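Structure first, commentary second.
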Amino acid sequence: MRGGSNRYLDPRRRRILALVAGAPLLGFSPPTRAGAQIYEPLADAVRNALAAQIADTRPPVRNFDTHDGRMGFVDWLDAMSKRLRARKADDLTRLDFLRTLDYEATRAGLDRQLVLGLIQVESAFRKYAISTAGARGYMQVMPFWTKVVGDGDTRKLFDMRANLRYGCVILRHYLDLEGGDLFLALGRYNGSRGRREYPDAVIGAWKTNWSYQPPTRTQA
């Protein structure tokens with residue numbers, strides 16, 4: 001059925017839809033493989049552009065042009081929430097995480113499923129993870145980035161939204177730097193450019209645990 005009343009949704013999807021209704025219309029336990037992004041001097045224009053993206057304080061709320069677009073987002077939230085439940089038991093915390101990840105990944109022009117795979121490998125979805133190199137949070141961001149393109153407050157890397165924003169902006173930067181080559185960009189993200197282990201691990205997690213095909217909606 002296409003569109004239609006919310007009464008046709010199961011209770012879980014009704015709850016998810018209620019959580020996103022404010023948006024206007026328009027078990028696996030892998031070892032972490034966190035590395036360390038390496039500081040590289042940035043041209044002023046690049047640094048300023050990245051800093052502007054980090055500083056954007058608009059709320060992470062997706063706009064949807066159509067009812068089907070919103071319902072597609074609900075389908076995605078429902079599917080990802082089920083997969084992530086073993087890692088994040090609290091429903092509201094899990095949905096807030098997924099909504100923010102969706103917003104930041106989409107904003108940076110990244111595949112949401114790729115970002116989920118990267119987080120699985122980097123931190124195993126641990127908000128307060130710290131690597132031996134000092135990388136922090138979900139996306140294991142190195143503290144130097146807060147001084148290069150942020151306000152210098154390294155504590156923000158343990159804030160969910162700030163960490164996801166930094167991580168997505170940095171990965172987008174590396175993709176642009178490598179001309180769209182995901183293998184090399186992932187290597188840069190991990191500080192192991194040119195080696196296969198980390199890119200293979202992220203892509204493997206993405207394809208094995210986070211691959212997603214939207215459900216087909218039956219025409220009314």
Side-chain angles (χ1 to χ4, degrees), residues 29-57 97 100-101 103-210:
S29 301
T32 60
R33 300 194 185 190
Q37 298 109 20
I38 299 170
Y39 173 73
E40 300 172 85
L42 302 174
D44 288 345
V46 174
R47 183 175 63 254
N48 291 339
L50 295 179
Q53 294 177 60
I54 294 297
D56 188 341
T57 58
F97 172 82
T100 304
L101 181 146
Y103 180 86
E104 296 299 341
T106 301
R107 178 177 176 272
L110 300 173
D111 188 298
R112 300 173 296 187
Q113 311 313 120
L114 166 64
V115 175
L116 284 163
L118 185 146
I119 294 173
Q120 176 187 322
V121 172
E122 284 285 347
S123 68
F125 296 95
R126 294 175 298 178
K127 181 178 181 179
Y128 298 106
I130 303 177
S131 76
T132 55
R136 301 182 180 187
Y138 287 119
M139 296 188 73
Q140 291 291 276
V141 177
M142 288 295 288
F144 73 77
W145 281 107
T146 65
K147 298 178 176 64
V148 175
V149 297
D151 61 7
D153 186 355
T154 60
R155 295 172 299 179
K156 288 183 178 178
L157 296 181
F158 291 125
D159 173 79
M160 175 191 65
R161 184 184 178 192
N163 188 275
L164 294 177
R165 170 155 296 185
Y166 270 100
C168 288
V169 167
I170 292 165
L171 181 56
R172 179 74 259 171
H173 167 63
Y174 286 149
L175 272 167
D176 293 342
L177 197 62
E178 296 291 357
D181 188 314
L182 180 60
F183 176 83
L184 293 178
L186 287 172
R188 276 188 184 274
Y189 193 93
N190 182 250
S192 59
R193 185 179 184 273
R195 296 176 54 184
R196 297 209 61 90
E197 294 87 349
Y198 179 79
D200 285 350
V202 171
I203 293 170
W206 170 18
K207 300 301 183 182
T208 301
N209 295 315
W210 302 106

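Owing to the predicted nature of the structure, the values given are computational and were not obtained by experimental measurement.
N190 contributes no side-chain N or O that, together with a main-chain N or O of L186, makes up a donor-acceptor pair within less than 3.5 Å. Listed for the Q140 side chain is a donor-acceptor partner under 3.5 Å among the backbone atoms of A129. With hydrogens and angles disregarded, a donor-acceptor distance shorter than 3.5 Å links the side chain of Q37 to the backbone of M142.
Side chains of C168 and M139 form a contact here, defined as non-hydrogen atoms less than 4.5 Å apart. The side-chain heavy atoms of L175 and L110, taken from C-beta on, include a pair separated by under 4.5 Å. No side-chain heavy atom of R193 sits less than 4.5 Å from a side-chain heavy atom of I38. Contact check for R107 versus R165: side-chain heavy atoms found under the 4.5 Å cut-off. Looking at heavy atoms from C-beta onward, I170 lies out of side-chain contact with V149 at the 4.5 angstrom threshold. The shortest distance between side-chain heavy atoms of K156 and T146 does not fall below 4.5 Å. Side chains of K127 and Y138 form a contact here, defined as non-hydrogen atoms less than 4.5 Å apart. With contacts defined as side-chain heavy-atom distances shorter than 4.5 Å, the pair F97/L164 qualifies.
When all heavy atoms of V148 and Y39 are compared, the pair lying nearest together is CG2-CE1, 3.6 Å. Nearest approach of L116 to L101, heavy atoms of both residues: CD2-CD1, 3.7 Å. Contact record, P199 with G187: CG-N, 4.1 Å, taken as the closest heavy-atom pair. Taking all atoms of both residues into account, the shortest heavy-atom contact from G137 to S123 is O-CB, 3.5 Å. Nearest heavy atom pair, residue R136 against residue P143, reads NE-CG, 3.8 Å. The nearest pair of heavy atoms linking G194 to L184 is N-CD2, 4.4 Å.
Summarising the geometry, atom CZ belonging to F144 is positioned 13.5 Å from atom OG1 belonging to T154; distances are rounded to the nearest 0.5 Å. Separation of atoms CG (L182) and CG (L114) is listed at 5.5 Å; rounding is to 0.5 Å. From D176, atom CG reaches atom CG of L171 across 9.5 Å, with rounding to the nearest 0.5 Å. The line from CD of E178 to CZ of F183 is 10.5 Å long, rounded to the nearest 0.5 Å. Atom CZ in R172 sits 9.5 Å away from atom CD in Q53 (nearest 0.5 Å).
At most 12 non-hydrogen atoms from other residues, nucleotides or ligands lie less than 6.0 angstrom from CZ of R195.
A parallel orientation is assigned to the rings of Y189 and Y198, their planes being inclined by less than 30° (bins at 30° and 60°). Aromatic ring pairs are classed by plane angle as parallel below 30°, tilted from 30° to 60° and perpendicular above 60°; the pair W145 and Y174 is perpendicular.
Side chains of Y166 and E104: no donor on one and acceptor on the other come within 3.5 Å.
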After noting the C-alpha distance and the side-chain angles of R161 and D159, does the key distance pass the salt bridge (charged side-chain N to carboxylate O under 4.0 Å, His left out) rule? CA-CA 6 Å; R161 184 184 178 192; D159 173 79; over 6 Å; no
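For the side-chain contact (heavy atoms from CB on, under 4.5 Å) test, no residue two or more places apart in sequence or in another chain qualifies with T208.
Exactly one residue among T100, I119, L157 makes a side-chain contact (heavy atoms from CB on, under 4.5 Å) with N163. That residue is L157.
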